[in-house]
Amino acid sequence: ELQPAGFLFYPSNVPSTEAARASTRQLQEAADYPLLFGIDQEGGPFTTYRVDDATIFPGSMALAAAGDPQLAREVARAGGEELLWAGFNMNFAPVVDVNSNPDNPIIGIRSFGDDAASVGAFGTAYAAGLADAGVIAVAKHFPGHGDTAVDSHLALPSVDGDRARL
């Protein structure tokens, strides 16, 4: 009746790779159109697909510290291949917030850094790596969560500034 476009999976929905594969397969078989199966797999400690046979890839700040956007692309491709195998075809990553507010309680190491050009280069490479694996990248957070002082899981953050700054 509802005809959803897709489903978002959380750790409680992913007890194993086989369970994820079975769930996504059953849901797709019940639909007459292609579905999106999304997961929040940023890397590092911000990893939803965290079952025994999953690889825990480095997070954004660790990748940026290596200084090579191509490495970020290769890591994202490898992670995307694992996600696709498990049945997920959309990843809510990369985090493309610029970590510009030192009082930000939630972005931190989830960001590729505090320089917009570097974040752009690494975010673009990461999204391309997911695409190489056949996984849709969903860049987040919009707009500018890296410049807030509030955890959006707890309250509604805002970004202050004049139009030129924004």
Within residues 51-71 or reaching into it, pairs that qualify as ring pair (Phe, Tyr, Trp, His ring centres under 6.0 Å) - sequence neighbours excluded:
none

Quick one: CG on Asn101 to CG on Asp147, what's the gap to the nearest 0.5 Å?
5.5 Å

So, for Pro58 and Ala62, which heavy atoms are closest and what is the spacing to 0.1 Å?
CB-CB, 4.0 Å

What heavy-atom pair brings Ser111 and Val119 nearest, and what distance separates the two atoms?
OG-CG2, 4.1 Å

Determine, for Arg110 against Asp97, whether the closest basic-nitrogen to carboxylate-oxygen distance falls under 4.0 angstrom.
no

Nearest non-hydrogen partners of Leu35 and Asn89, listed with the distance
O-ND2, 3.0 Å

Looking at residues at least two apart in the chain, or sitting in another chain, which of them share a side-chain hydrogen bond (donor to acceptor under 3.5 Å, both in side chains) with Ser23?
none

Check whether Ile56 and Tyr126 end up in the same hydrophobic cluster, where Ile, Leu, Val, Met, Phe, Trp and Tyr are linked by side-chain heavy atoms less than 4.5 Å apart.
no

Closest approach of Gly134 to Leu84 (non-hydrogen atoms, all atoms of both residues):
O-CD1, 4.0 Å

List the atom pairs, with distances to 0.1 Å, where a side-chain N or O of residues 152-161 and a protein N or O form a donor-acceptor pair under 3.5 Å, not counting sequence neighbours.
residue	atom	partner	partner atom	Å
Ser152	OG	His145	NE2	2.9
His153	ND1	Asp151	OD1	2.7

Contacts table for residues 3-15: side-chain donor-acceptor under 3.5 angstrom, sequence neighbours left out:
residue	atom	partner	partner atom	Å
Asn13	OD1	Tyr10	N	2.9

Taken to the nearest 0.5 Å, the spacing of Leu130 CG from Glu81 CD works out to 10.5 Å

So, the side chain of Thr24 versus the backbone of Ala20: is there a donor-acceptor pair under 3.5 Å, distance only?
yes

Are Leu36 and Phe92 connected in a single hydrophobic cluster, I mean Ile/Leu/Val/Met/Phe/Trp/Tyr linked by side-chain heavy atoms less than 4.5 Å apart?
yes

When you measure from the side chain of Thr47 to the backbone of Arg50, do you find a donor-acceptor pair of N or O atoms at a distance under 3.5 Å?
no

By side-chain hydrogen bond (donor to acceptor under 3.5 Å, both in side chains) - contacts of Gln70 (at least two apart)
Glu74

Measuring from atom CG of Leu83 to atom OG1 of Thr17, what distance do you get when rounded to the nearest 0.5 angstrom?
10.0 Å

Could you check whether any side-chain N or O of Asn91 sits under 3.5 Å from a backbone N or O of Gln41, counting only pairs where one atom can act as donor and the other as acceptor?
yes

Shortest non-hydrogen contact between Asn99 and Gly108, atoms and distance:
OD1-N, 3.5 Å

Show, in sequence, the C-alpha distance, side-chain angles and deciding distance for Arg77 and Glu82, and conclude whether the salt bridge (charged side-chain N to carboxylate O under 4.0 Å, His left out) test is met.
CA-CA 9 Å; Arg77 181 197 46 76; Glu82 279 196 14; over 6 Å; no

Test salt bridge (charged side-chain N to carboxylate O under 4.0 Å, His left out) applied to Asp40 and Lys140, step by step
CA-CA 11 Å; Asp40 210 358; Lys140 61 184 185 184; 2.4 Å; yes

Would you check, one step at a time, whether the test side chain to side chain donor-acceptor pair (under 3.5 Å) holds for Glu42 with Ser60?
CA-CA 7 Å; Glu42 297 173 19; Ser60 300; 6.0 Å; no

Give every residue pair that meets the ring pair (Phe, Tyr, Trp, His ring centres under 6.0 Å) criterion with at least one member in residues 94-121, sequence neighbours excluded.
Phe112-Phe122

Can you tell me if Asp162 has over 12 outside heavy atoms packed within less than 6.0 Å of its CG?
yes

Of the non-hydrogen atoms in Ile106 and Asn104, which two are nearest, and what is the gap between them?
N-OD1, 2.8 Å

